[in-house]
Amino acid sequence: MINIKYHKVPQSRVSDVDFNNLPFGKEFTDHMFIAEYDGEKWGNFKIQPYGPLLLSPSLSCMHYGQAIFEGMKVYRTHKDEVLAFRPLENHQRMNASAVRMCMPELSEEVFMEGLQALVNLDKEWVPHIENTSLYLRPFMIATDDFLGVSASKTYMFIIYGCTVGPYYTKPIKVKVETDYIRACKGGVGEAKTAGNYAAAMYATRIAISEGFNAVLWTDALEHKYVEELGTSNIFAVSGNKIITPETKDTILKGITRMSIITLARTMGYEVEERPLTVDEIFDKYASGALDELFATGTAATVTSICQLNHLNREILLPVKEDGVAVTLKNRLENIKRGKAEDVFEWTFKIFPTNIEKVMSSEGV
Ligand SMILES: *Cc1c(COP(=O)(O)O)cnc(C)c1O
């Protein structure tokens, strides 16, 4: 067990929140979990009120971008249990990102105990209302106060949370990107690192100004193979086949992606993880063999694509209410929310701990 120091808010803000009208990414919970790396080990574990941090202007993450993050959700079931969805996968992926960015790995103990302590303390923020959830954002930044370009020695790891409403997404219009790139072979596309998102904003802004919702990233060399859709993974449905690009160093290993592949296979679909070209998608559409296109990620789970444009070509897909994307989304959501049997053991139950007892035993 890690030793966490608690500094609680005098009064929770939870009663001020209108849970029936939740915006995405604005209702932060009362507390956050913090751990510090001193160059050798993680320590100084604490939970304190959510709020601004006092940071030096020469903090290395602000200049050289050693910053990685995760995104995951916690749900309240109809039995009033609190379930995290595949948190151990987030822990592993965070460590993979850390290694790529020359940052220290975190033990499962620190990641999971920090997460559970925070969720327990702020459990009233895991909403009771249908289709809502608590979004958790674990992240790590380089904290050396030194203006040299080299890997920082010290780091900070923080987990904070945000109550989120039903993420209803309309089917989206997508532009195949053929000028800009998100990631290239040998690069950092596989890491959930801040710079990847900064690098993607310009092309996305252009696409939005042209009436699209997102860009479909293609390979850096030829703009021929599809890779990812904005910050989510992409799937194409053709009859009994579901095709998605295999993950490699330019593609993030989405946990939703992985879960959807498993679910689709158990439903009898043949899932192919292989190179998928823009031409193959358009050829399938031309021959009437393209049934659906969809994207996966933690925020919206599954989002249908209703339009895809590549230079002068266009695909228009009607949204099927009983289609593969909708069916897979519902199946996965039901598992996450404890409404369907968790046959794959994906959910992680957060057991209530007696915070007051933990605190008094530490003499805080
Ligand atoms: C986070 C992310 C995804 C989706 O991953 P999930 O684990 O399913 O949320 C996909 N692509 C990129 C670039 C991402 O940052």
Side-chain angles (χ1 to χ4, degrees), residues 24-25 65 67-75 84-98 100-101 111 115 133-140 159 161-162 164 167 169 172 174 177 180-184 187-204 207 213-220 225-235 242 244-264 271 273 276 293-303 305 325 328-329 331-333 335-336 344 346-348:
F24 190 88
I68 58 176
F69 68 94
E70 276 301 321
M72 53 186 297
K73 279 185 174 172
V74 174
Y75 302 85
F85 183 68
R86 308 189 80 173
L88 295 166
E89 298 291 343
N90 292 93
H91 168 249
Q92 274 189 18
R93 186 169 69 188
M94 181 137 200
N95 277 347
S97 299
R100 182 66 183 83
M101 304 311 291
F111 188 94
L115 185 151
S133 57
L134 176 70
Y135 181 86
L136 289 181
R137 171 55 61 92
F139 73 103
M140 193 199 298
I159 309 177
C162 173
V164 295
Y167 203 101
T169 45
I172 54 171
V174 176
E177 183 56 57
Y180 301 100
I181 62 166
R182 189 192 89 89
C184 61
V188 294
E190 194 184 8
K192 229 172 160 67
T193 186
N196 281 336
Y197 305 86
M201 285 175 189
Y202 191 68
T204 308
N213 304 106
V215 300
L216 178 56
W217 298 106
T218 51
D219 70 284
Y225 296 95
V226 306
E227 297 203 322
E228 290 202 70
L229 197 151
T231 58
S232 51
N233 297 109
I234 170 100
F235 290 78
I242 301 181
T244 189
E246 78 273 59
T247 54
K248 46 182 180 163
D249 58 2
T250 54
I251 299 181
L252 195 102
K253 291 189 174 64
I255 298 165
T256 317
R257 172 188 180 278
M258 201 156 73
S259 311
I260 287 291
I261 290 173
T262 304
L263 278 182
V271 183
E273 293 182 73
L276 173 63
L293 292 170
F294 63 87
T296 63
T298 295
T301 311
V302 176
T303 306
I305 298 161
L328 284 168
K329 177 177 183 158
R331 288 226 171 179
L332 187 52
E333 283 287 315
I335 293 175
K336 289 178 170 185
F344 309 104
W346 284 339
T347 59
F348 182 98

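Remember, it's 1-based here, ligands and their atoms both numbered in the order they're listed.
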I'd like to know if the side chain of [X] reaches the main chain of [Y], judged simply by a donor and an acceptor atom lying under 3.5 Å from each other, with no hydrogens or angles considered.
X: T296; Y: V302; answer: no
X: T193; Y: A67; answer: yes
X: K192; Y: F139; answer: no

Enclosure of R137 CZ (heavy-atom neighbours >12, cutoff 6.0 Å):
yes
Using a plain distance cutoff, I'd like to know if [X] has any nitrogen or oxygen under 3.5 Å from a nitrogen or oxygen of ligand 1.
X: T296; value: no
X: K253; value: no
X: I255; value: yes
X: N233; value: no

Considering only heavy atoms, which of M258, R257, R93, E228 lies nearest to atom 11 (N) of ligand 1?
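Selected option, by shortest heavy-atom distance: E228.
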Option whose closest heavy atom lies nearest to atom 4 (C) of ligand 1, chosen from I251, T250, T256, T231
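The option holding the nearest heavy atom is T231.
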Heavy-atom pairs closer than 4.0 Å: do any link ligand 1 to the side chain of T298, the backbone, both, or neither?
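For T298, backbone and side-chain atoms both sit under 4.0 Å from ligand 1.
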Quick one: which of K248, K253, R100 gives a side chain to side chain donor-acceptor pair (under 3.5 Å) with E190?
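Of K248, K253, R100, side chain to side chain donor-acceptor pair (under 3.5 Å) with E190 is met by K253 alone.
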Scan R93, Q92, H91 and name whichever one has a side chain to side chain donor-acceptor pair (under 3.5 Å) with N95.
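Running side chain to side chain donor-acceptor pair (under 3.5 Å) over R93, Q92, H91 with N95 returns exactly one hit, H91.
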What protein heavy atom sits nearest atom 15 (O) of ligand 1, and how far off is it?
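Among all protein heavy atoms, the one nearest atom 15 (O) of ligand 1 is Y197 OH, 2.4 Å.
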